[in-house]
Amino acid sequence: MYANVIIDISHEKLDKTFQYRIPPELEDQIQAGTQVEIPFGSGNHLRKGYVVGLTATEEFDKERIKPVAGVVAGSVTAESQLIQLAWWMKERYGSTMNQALKTVLPVKQKVKQKQARFIRRLLTREETLEAAGEAGRKGYKARERLLLALADSEEIPWQVAANQMNLSSATIKPMAEKGLIALESQTVFRNPKIGKDLASGEISLNQEQSRIAAEFADRYDQGIRETSLLYGVTGSGKTEVYMEMISHVLQKGRQIIVLIPEIALTYQTVMRFYRRFGSLASIINSRMSAGERYDQLERARSGEVRIMIGPRSALFTPFAHLGLIIIDEEHETAYKSEISPRYHARETAEHLAEMNGASLVLGSATPSLEAYSRALKGEYRLCRLTKRAKEDSRMAAVQVIDLREELKSGNKSIFSRRLQEAMARRLERGEQTMLFMNRRGYASFVSCRSCGEAIRCPHCDVTLTLHFGQKLVCHYCGYETATPKLCPSCGSPYIAGFGTGTQKIEELTKRMFPQARVLRMDMDTTSKKGGHEEILSAFADKEADILIGTQMIVKGHDFPNVTLVGVLAADLSLYTSDFRCGERTFQLLTQAAGRAGRGNLEGEVLIQTYNPEHYSIQCAAGQDYESFYAREMVYRDMLRYPPVCQMLAVLASSGREDALDTAMSDLNKWAAEAGKGRDIQMIGPAQATIYKVNDIYRKILYLKDENYDILIKLKNYMDERSRQALWHGHVAVQYDFA
Ligand code: ADP
Ligand code: ZN
Ligand code: ZN
């Protein structure tokens with residue numbers, strides 16, 4: 001056996017591995033991640049390095065390969081853990097070791113000694129609140145916003161003020177001149193200071209919350225390490241429970257990673273953690289430069305930071321004594337990587353927790369089917385929060401509106417009469433409305449406006465995708481058909497590709513309510529840095545009556561003055577060629593419904609749809625996760641989709657169609673060979689959703705089996721065989737677990 005060793009752990013040098021022979025007496029001590037001592041260079045000086053791979057074949061002259069000198073004792077460093085994790089990811093998800101290492105190891109980059117500027121308040125909290133009130137009365141919205149934030153925390157980084165709160169120096173400088181605030185700068189990074197007056201205003205947990213936290217602590221102390229699913233409606237106080245658990249694990253001297261989807265990583269959420277844990281907590285996000293991120297990871301490594309909060313990649317924080325991982329909103333699609341290694345943060349966290357003897361907590365108001373089914377089977381511990389934590393906040397009343405009926409009675413507008421009336425009432429009362437456009441699968445399928453049926457594949461029970469407005473194609477099996485002129489189920493001529501975008505809705509809204517102030521939030525309006533926050537804070541400041549947007553507007557934000565949420569075409573996300581579309585629709589609608597009535601005003605939610613009887617819509621309207629779960633599991637079970645079965649997609653791509661065809665039929669054959677004796681289900685090969693991209697052709701093959709390990713075996717076999725194939729080098733093969 002041979003070990004590949006890297007001496008310098010940096011992104012640039014990852015390719016530079018050195019091969020060493022493993023002496024028999026060390027064989028069972030060495031694996032990926034082990035720190036070893038090796039003779040190096042002509043003088044054979046002993047140096048330390050990390051093993052990044054094991055092979056049975058020598059890569060150069062056998063005589064010249066030197067032996068590993070020894071294993072560094074007690075060397076469980078954060079690096080060795082991360083390298084071990086990279087090895088696991090490479091095996092599990094099918095990538096190169098290099099790709100895996102690049103994913104887990106930080107890019108070394110020194111931060112330029114930037115001056116961090118802070119805005120500090122000079123008044124007391126009460127005086128600041130008073131000044132904010134006065135600014136508000138005079139209509140100085142920006143000034144009011146800054147003062148309110150300063151009442152909460154004594155100081156705010158200039159960057160936060162500029163990027164997240166959209167305050168310009170034209171607002172800030174005059175306030176400094178008047179002596180309301182001070183501007184300070186510092187070269188070292190640190191968290192903003194939190195006012196003492198706020199730290200004391202701690203929340204006392206309600207009965208459900210404290211029971212869950214106490215049981216967690218108790219089991220943790222007994223040495224039980226496990227995965228728990230914290231299932232609680234939006235606003236039920238999950239974050240408070242997380243903080244209690246974190247507190248407990250901190251006391252044990254261990255470290256904590258908290259994953260939050262980027263889009264929900266708002267200023268308010270982060271401040272809650274800072275308030276409770278001060279400088280022990282830190283965040284990383286995608287807006288940081290490589291240098292800033294590296295700086296944060298170094299603070300974690302040195303022990304200064306003990307709680308790291310961030311999106312998916314925060315999982316790779318170099319903690320040597322990890323004790324707890326929390327994944328908030330565990331059902332979010334953002335937890336799955338779209339580039340190789342295509343890892344899922346939930347599974348990777350589970351493995352990382354096991355390696356470290358840590359616990360894992362998953363939280364959601366709409367758990368993924370994967371997580372909930374495992375909780376029901378007893379593989380995860382199920383903890384439930386059944387009601388909203390704040391006394392006065394209620395769930396909104398939800399109504400489903402049948403758009404087919406609207407069409408029948410002559411209303412061809414995209415707004416039902418009921419929604420129009422409800423919007424008019426909000427404008428009269430000075431309350432706010434959110435219009436949500438479910439835009440997934442935008443304009444890519446064909447459906448009937450009379451009966452609501454979308455045109456589906458006869459073999460796969462997925463919606464056919466419209467190609468260039470003419471032919472319909474199944475992305476799972478390759479089935480093709482011409483777009484019909486009449487609806488196949490009811491004969492109506494009113495069939496069309498769906499194509500109403502947010503811009504169109506904005507136009508129509510303005511035409512219908514010329515007096516209304518309308519804001520739109522979508523990819524176009526948020527592409528510039530900070531565009532997101534600018535729109536949200538304008539809406540929060542009541543600078544608009546109606547906010548129109550896509551998925552982005554439904555996540556995590558609290559607008560107490562919003563009393564109406566309209567979902568324009570709830571079905572849109574039902575017709576994507578993804579077996580999870582019912583689940584996504586349910587999650588989005590549930591979240592959208594959670595936006596109305598967050599304050600003490602009563603909320604109303606109107607869901608418009610051509611499919612009022614679809615269970616995803618019915619269950620979301622009834623806020624009934626259990627029924628949704630039961631119905632959806634029947635579907636998954638019938639068609640052998642995850643979590644009932646495991647599914648592996650094999651995606652091959654090439655600039656040459658002939659090579660691609662040969663590769664695909666080889667892969668198909670090898671999968672059958674390796675799976676002999678097992679009832680492996682194979683679907684395809686078929687053309688990928690977009691067959692040709694930049695002159696590269698792509699085909700896909702799906703493999704299904706109940707056992708994940710069997711699919712990994714198949715993947716490894718296909719991978720090994722393709723290395724020796726004639727088309728190797730002409731066709732790229734990627735593996736993706738659903
Ligand atoms: P979730 O994470 O489940 O959406 P949060 O933890 O954000 O819920 O709590 C929602 C709101 O309820 C927050 O404003 C929070 O401060 C408040 N809250 C949570 N727990 C309590 C409690 N025990 N007493 C009073 N307010 C609470
Ligand atoms: Zn029809
Ligand atoms: Zn099909």
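We use all heavy atoms of the structure for the numbers below, so side chains are in, but hydrogens, waters and symmetry mates are not. Order of listing sets the numbers, starting from 1, for every ligand and every atom in it.
- Within the structure, the closest approach of R388 to ligand 1 does not fall below 4.0 Å when heavy atoms are considered.
- Geometrically, ligand 1 and K238 share a nitrogen or oxygen pair separated by less than 3.5 Å.
- The existence of a salt bridge linking E370 and R580 is confirmed by a sub-4.0 Å separation between a basic side-chain nitrogen and an acidic carboxylate oxygen.
- Look at K138 and E134 and you find a salt bridge, because one of the NZ, NE, NH1 or NH2 atoms lies within 4.0 Å of a carboxylate O, short of that distance.
- Of the polar atoms of G237, at least one N or O is found under 3.5 Å from an N or O of ligand 1, judged by distance alone.
- Pairs engaging residues 615-624 under the salt bridge (Lys or Arg N to Asp or Glu O under 4.0 Å) rule: none recorded [sequence neighbours left out].
- Distance check: L129 CG to E144 CD gives 10.5 Å after rounding to the nearest 0.5 Å.
- A salt bridge links E626 and R384; the closest N-O separation between the charged side-chain nitrogens and carboxylate oxygens is under 4.0 Å.
- The shortest heavy-atom distance from A365 to ligand 1 is not under 4.0 Å.
- The atoms of ligand 1 that sit less than 4.0 Å from any heavy atom of N206 are 23 (N).
- At least one N or O atom of G235 sits closer than 3.5 Å to an N or O atom of ligand 1.
- The shortest separation from a heavy atom of G232 to ligand 1 is not under 4.0 Å, leaving the residue out of contact.
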